[in-house]
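These notes concern the structure reproduced below.
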Protein chains: 2
Amino acid sequence: MGRPAQISHEDLIAAAALVAARLGPAKTTIAAVSKAAGVPTGSIYHRLPSRDALLAEIWLTAAERFQAMALAAFATANSIEAAAEAALVTPRFARAHHAQAVVLNSHRREEFITAGAPEEYRARAVKLAAELREAMANTAARLLPGDPRGKERTAVALIGIPLGAVRVFLPQAVPPQEIDADIAAAVRAALRH
Amino acid sequence: MGRPAQISHEDLIAAAALVAARLGPAKTTIAAVSKAAGVPTGSIYHRLPSRDALLAEIWLTAAERFQAMALAAFATANSIEAAAEAALVTPRFARAHHAQAVVLNSHRREEFITAGAPEEYRARAVKLAAELREAMANTAARLLPGDPRGKERTAVALIGIPLGAVRVFLPQAVPPQEIDADIAAAVRAALRH
DNA sequence: AGTATATTAGAGGATATATTCTAATTAATC
DNA sequence: GATTAATTAGAATATATCCTCTAATATACT
């Protein structure tokens, strides 16, 4: 019933993510997104209440996708060797979802989840952060039991190191396959030394 | 001669960097900087031609400072062990110059060096990039001679890994001393494995 | 003291962009 | 085929903020 939309919600957000990856959140204007997606500005407001909501949706869509992969990988990290393998979700995600990786990696969360974003969106961001914190605590307890710096070291190893490694290549290029071995070696060393 | 300025150029840029670190480049408005620095908007335009120039100056001041430290450190990296020590400039800079580290670490260069920035500023950015590229090539030739992936691995080890490690703590906190050992171990492994 | 000059001071115009609003379109349902 | 509902379509308005402009002010030099 009713006229069919000429673009799906997912495709609209994907187009917006591409704009955000290319131009950054500041230049991700309604006009720019509407042009990139090939829909009039009014159609965007038909689906989303505001620009702040659009920016939040871009970031949350990317973050939820990445976090689903990351938490699944971390759950399997029962040894330092397995953790080194799990850390490779980050370069793999960057290769599979370049624009979303740039959104997550090259900008601060606060530039997408702004003070003006509707509460619903802010709540999703809070939930994501809490889930990640919990997963990191569990992983740290398994990998480095008894180490008072366990959480900190696990975060540096499983998140910081792979993030920094892919950032050398983003946003212009895609991280080459070969760095995976470098990342794995670095993660092992950071957890084991 | 003439009325004395109530804030130096350096202090103005430092105040602006603090705003940028806190709110991001998009919300680093002339009004916000003028309020933070305690000077009227007209005074800012008396010194800088435009907002684009101000944003560029914020980034360039931070980048030039960091790069001076980094290139000096990399020049001493004649062994993998020395390189692991050199990589610690990144956490040290983050501790000594928190706001500038956040500017460099948590945002893309393009959000500060915009298309509208005066040519003079763009030229400084180009020069910085060229100097860094050259220093990395030299360092790679010393550390990993004959390795076809030498430049890539050196960049990941000396830039990517420490950058990612400090990013776990920025912008809210300062990276703790203790992660230096984790970074050094990771850098050694990335270069040596 | 008087003059020249650099800077402060902040109100006002110009511009960019978010948002709203009315009408036109298109498909499913009766 | 008429009706209804969802969406397109884009012009018009509101708002934010950059930048300009005129006047006032404070120091150094003569």
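By convention in this document, chain letters (A, B, ...) are assigned in the order of the sequence lines, proteins followed by strands, and residues within each chain are numbered from 1.
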Considering just the side-chain nitrogens and oxygens of B:Q6, establish if one lies under 4.0 Å of OP1 or OP2 belonging to C:dA9.
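Yes, within the criterion.
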
Considering just the side-chain nitrogens and oxygens of B:S43, establish if one lies under 4.0 Å of OP1 or OP2 belonging to C:dT8.
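Yes, because at least one side-chain N or O of B:S43 sits under 4.0 Å from OP1 or OP2 of C:dT8.
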
Taking distance alone, no hydrogens or angles, what donor-acceptor pairs closer than 3.5 Å link side-chain atoms of residues 174-193 of chain B to residues at least two apart or in another chain?
from	atom 1	to	atom 2	distance (Å)
B:D180	OD1	B:R95	NH2	2.7
B:D180	OD2	B:R95	NH1	3.3
B:D182	OD1	A:H193	NE2	2.7
B:D182	OD2	A:R149	NH2	2.6
B:R188	NE	B:E81	OE1	2.8
B:R188	NE	B:E81	OE2	3.4
B:R188	NH2	B:E81	OE2	3.3
B:H193	NE2	A:D182	OD1	2.7

Contact list (N/O, under 3.5 angstrom) for nucleotides 17-22 of chain C vs protein:
from	atom 1	to	atom 2	distance (Å)
C:dA18	OP1	A:R51	NE	3.1
C:dA18	OP2	A:I30	N	2.9
C:dT19	OP2	A:Y45	OH	2.7
C:dT19	OP2	A:R51	N	2.8
C:dT19	O5'	A:Y45	OH	3.4

For atom [atom1] of [X] and atom [atom2] of [N], their distance in whole Å:
X	N	atom1	atom2	result
B:I7	C:dA9	CD1	C1'	15 Å
B:I44	D:dC21	CD1	P	18 Å
B:K35	C:dA9	NZ	C1'	18 Å
B:L55	D:dC19	CG	C1'	15 Å
A:H9	D:dT7	NE2	P	12 Å
B:L54	D:dC18	CG	P	10 Å
A:K27	C:dA16	NZ	P	12 Å

Is a side-chain donor or acceptor of B:S34 paired with a backbone partner of B:V39 at a separation under 3.5 angstrom?
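Answer holds: yes.
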
A:V19: which other cluster members, linking ILVMFWY side chains closer than 4.5 Å, directly or transitively?
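Reading the cluster by chain and number, A:V19 sits alongside A:L23.
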
Check the pair B:F169, A:V156 against side chain to side chain contact (heavy atoms under 4.5 Å, CB included), reporting the backbone distance first and the verdict last.
CA-CA 9 Å; B:F169 302 93; A:V156 167; 3.9 Å; yes

More than 12 heavy atoms of other residues, nucleotides or ligands under 6.0 Å from CZ of B:R22: is that the case?
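No, because the 6.0 Å sphere around CZ of B:R22 holds 12 heavy atoms or fewer from other groups.
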
Contact check, side chains of B:E85 and B:L88, non-hydrogen atoms, under 4.5 Å:
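Heavy-atom side-chain distance check passes, below 4.5 Å.
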
